[in-house]
Structure formats: structure tokens, C-alpha cells
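What follows is a short report on a single structure.
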2 protein chains.
Amino acid sequence: MSEFPNDTTIEAWVMLHRANRKLLEEVSAALKRHSLPPLDWYDVLLELHRVGDAGLRQFEVGDKILLSKHNLSRLIDRLEKQALVRREATAEDGRGNRIKITADGKKVLRKVWPVYAESIQQEFGDKLSAQEATQLARLLGKVLA
Amino acid sequence: MSEFPNDTTIEAWVMLHRANRKLLEEVSAALKRHSLPPLDWYDVLLELHRVGDAGLRQFEVGDKILLSKHNLSRLIDRLEKQALVRREATAEDGRGNRIKITADGKKVLRKVWPVYAESIQQEFGDKLSAQEATQLARLLGKVLA
DNA sequence: TGTATATAGTTGCAAATACAACCAGATGTA
DNA sequence: TACATCTGGTTGTATTTGCAACTATATACA
């Protein structure tokens, strides 16, 4: 039953993009100030860290961080060149490979997190009560469903 | 008083980016399916349309859509090449110019809106009640403040 | 007034992104 | 088995972005 969106919907939509862009900009700036790698790197490394030794197939990483496969392929290239991850051939599927985080990769995670976290807290946490954050997450969850 | 963000904050933060990326992807895909120009173009044209004949200074456009000045400069180049906007020298400041939307630019707005609107409604409006949309806008507003 | 500094906008260059074409290897089906 | 189709991943090319340097005008202030 899709009709045209009402004004409230449009308002929320616009706010979402504006908020996202602003926050992203601020976090990126913070990372850069500290000469740390870009946020995407962190996202990938974090997902890999979460699953431990098993690693992830490339497409699984893509699903998690919503990045298209060609971009991901080259992002992994860059990470691999810095020895933060490595690609391992896998028996389960002759085409693909498993991506695993290296010790250096974990080191990067540890170095980035404090800066990232501070930035999240300043731009986000300080501006919402715990209750509001929960509510926001719930609403966004509905959008994502 | 910035401490480390609690889990709820992080959760909301992640959801925000995920939602944004997903929605953006879907809208872009819809626009492309209809061979329409990218969303950025729409954003700029819409802002220019809103202010009417006066037009906007380039930096004003940048403030509204949160785009850095060099990117904006080239985005305007592209729009101008398609004759959707034009740059006019202004007396108020010898450095800058005023950007104004052209009749062709308005035509593009009219062509894009139905597709954009349908996409917003499907991916966003249909998933939230009016009340929820209002609430979401309010929460995002606090983040942006 | 003259000099320093800030601001608006552009441009060169390097890096990242999007898109389409492609190469396996996997899967479905006759 | 053989053939078509699908999927995971890579690569070439064009476009867009990010960064830094630059031009030119405005503004602040001694």
C-alpha cells in the first residue's frame, strides 16, 4: 500500500541522512587527527575479530557492513597489504577464500577503539539518555527489518 | 563528561549507519533503474528550488547538504554542464557567486520526485507509524543539535 | 592607511568508488 | 554425464572523492 510519504516521514528521512553524514564526518576527522586508518577498516577488522579464528568469507563481511563486492575486494587488498588480514584458500568452496584477522590487525583495533569510542560518546552518547538511545535503536531496527 | 559509550549507545550508533547505508543503496538503485540522476543532484536542486529566484551562495548549499566545498564546486560544475543550474556573479562578494536553478533543473526535480518518494515510502514510511516517524525525527534532531 | 589573517571558491593529483565485463568453480536439471 | 545458469571473487575503466595548494577578495586591527 505504498502511497506518497507524508511530511513527517520525509522529515525523519532527511534527519537520518543529515545525522549520519555529520557524525561520520566527525568521527573520520577524529581518526585522522590521530593518524588512524579510516572507519571502514575498523568495521571489517571488528567483524573478523568477533568471529575469531574461523574467519569470514568475503561475502559474509560484505553482508555485515553492507559493502558491495568489488569495493570489498579492493578494501581487503588494502588491508592485506598492511598485513592486517590474510586471505586463506578454503576447501568448502574452490572459488572463495576465508578472511582472517592477524595479530597486527588486532593491534589496530585496540589502537583505534579509544578514539572511536570517545567520538561516539561525544557526538552521540552525550546527547541522548540511555532510554532515548534504546528507543532510537528500536526505531531504526524497524526500518532495517 | 565524556566517558566510554555504553552498549545501548553503540547499538544505536551501529543501527544508524546500517539503516542509512541500506536506505541510500535502495534509493540509488531505484533512481538508476529509472535512468535518473543521483541523489546528490536532487538534494542540491531541491535546496535551490526552495529559495526561489534569489539562489544560494555555494557555501550555503554546502551547509545545507553537508558537502565539503571542493566536492561541491565540482558537483555544481556537473549540474551547470547539464544546464540544471547556473552560476551568477554577485555584487555582495567579489569572490563568490550565486547558484540558481534553471527551468531544466526544475524539470529534473519533477521527474525525480515520484521515484524518490515511492522509494522513501516503501523503505521508510511503510515501516514506521506516523508517531514513530515523529519520534525518530525528534531523536535525530537531538543528535544533530 | 597598510598589513596580517580569514573566507569563497577552484584546481592538480592521488585514492577510493561504481559499473560492467570477466573467470573460475558450484549447482540445477535433463 | 552434459549443459545452462548461478555465485564468489577479481579486474579494467571511468567517475567521484579527499587533500593540499592556490587565487582572489574580505575583514580585522595596528
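Letters go in sequence order (proteins before strands), and every chain restarts at 1.
Following rounding to the nearest Å, A:N97 (CG) and D:dT7 (P) show an atom-to-atom distance of 18 Å. Whole-Å rounding puts the B:E60 CD to C:dT7 P distance at 16 Å. The distance from atom CG of B:L72 to atom C1' of C:dT7 is 15 Å, rounded to the nearest whole Å. If you take CH2 of B:W41 and C1' of D:dT16, they are 12 Å apart, rounded to a whole angstrom. Atom CD1 of A:I99 is separated from atom P of D:dG8 by 14 Å (rounded to the nearest Å). In this structure, the CG atom of B:L66 is 13 Å from the P atom of D:dG18, given to the nearest Å. One can place CZ of B:F59 at 16 Å from C1' of D:dA24, the figure rounded to the nearest angstrom.
Judged by closest nucleotide on DNA chain C, B:R57 is the one of A:L67 and B:R57 placed further toward the 5' end.
An OP1 or OP2 oxygen of D:dT16 is reached within less than 4.0 angstrom by no side-chain nitrogen or oxygen of B:N71. For B:S73 and C:dT10, the shortest distance from a side-chain N or O to OP1 or OP2 is below 4.0 Å. Checking the phosphate oxygens (OP1, OP2) of D:dT10, a side-chain nitrogen or oxygen of A:Q58 falls inside 4.0 Å.
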Please set out all donor-acceptor pairs under 3.5 angstrom arising from side-chain atoms of residues 38-50 of chain B, sequence neighbours excluded.
from	atom 1	to	atom 2	distance (Å)
B:E47	OE2	B:R50	NH1	3.4

Tell me which donor-acceptor pairs under 3.5 Å the side chains of residues 84-103 of chain B have, and how far apart each pair is, sequence neighbours excluded?
from	atom 1	to	atom 2	distance (Å)
B:R86	NE	B:E88	OE2	2.8
B:R86	NH2	B:E88	OE2	3.4
B:R87	NE	B:E80	OE1	3.1
B:R87	NH1	B:Q58	OE1	3.4
B:R87	NH2	B:D77	OD1	2.1
B:E88	OE1	B:K100	NZ	2.9
B:T90	OG1	B:E92	N	3.3
B:T90	OG1	B:E92	OE1	2.8
B:E92	OE1	B:R98	NE	3.0
B:E92	OE1	B:R98	NH2	3.4
B:E92	OE2	B:R98	NH2	3.3
B:D93	OD1	B:R95	N	2.9
B:D93	OD1	B:R95	NE	3.1
B:D93	OD2	B:R95	NE	3.4
B:D93	OD2	B:R95	NH2	2.7
B:R98	NH1	B:A54	O	3.1
B:R98	NH1	B:G55	O	2.9
B:T102	OG1	B:A83	O	2.7
B:T102	OG1	B:L84	O	3.1
B:T102	OG1	B:D104	N	3.4
B:T102	OG1	B:G105	N	3.1

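Taking every heavy atom of both residues into account, B:T9 and A:G125 meet most closely at CG2-CA, 3.7 Å. The nearest pair of heavy atoms linking A:A130 to B:T8 is O-CG2, 4.0 Å. The minimum heavy-atom distance between A:P5 and B:A117, with the atom names listed, is CD-O, 3.4 Å.
Using a 3.5 Å distance cut-off with no hydrogens or angles, the side chains of B:Q131 and B:Q135 do not pair a donor with an acceptor.
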Between the protein and nucleotides 27-29 of chain C, which nitrogen or oxygen pairs come in under 3.5 angstrom?
none

So which protein N/O to nucleotides 20-22 of chain D N/O distances come out below 3.5 Å?
none

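Other residues, nucleotides and ligands place more than 12 heavy atoms under 6.0 Å from the NZ atom of B:K22.
DNA chain D is contacted by A:R87 of residues 75-87 of chain A, taking any non-hydrogen atom closer than 4.0 Å.
A:V108 places a side-chain heavy atom less than 4.5 Å from the side chain of A:P37. For the pair A:F124/A:V27, no side-chain contact is recorded, criterion being any heavy-atom separation below 4.5 Å from C-beta on.
For the salt bridge (charged side-chain N to carboxylate O under 4.0 Å, His left out) condition, no pair includes a residue of residues 64-75 of chain B, sequence neighbours left out.
The side chain of A:D93 sits closest to C:dG25 out of C:dG9, C:dG25, D:dG9.
Under the 4.5 Å side-chain heavy-atom criterion for grouping Ile, Leu, Val, Met, Phe, Trp and Tyr, B:V14 is connected to A:L136 within one hydrophobic cluster.
Electrostatic pairing of A:K127 and A:E123 counts as a salt bridge here, judged by a charged N lying under 4.0 Å from a carboxylate O.
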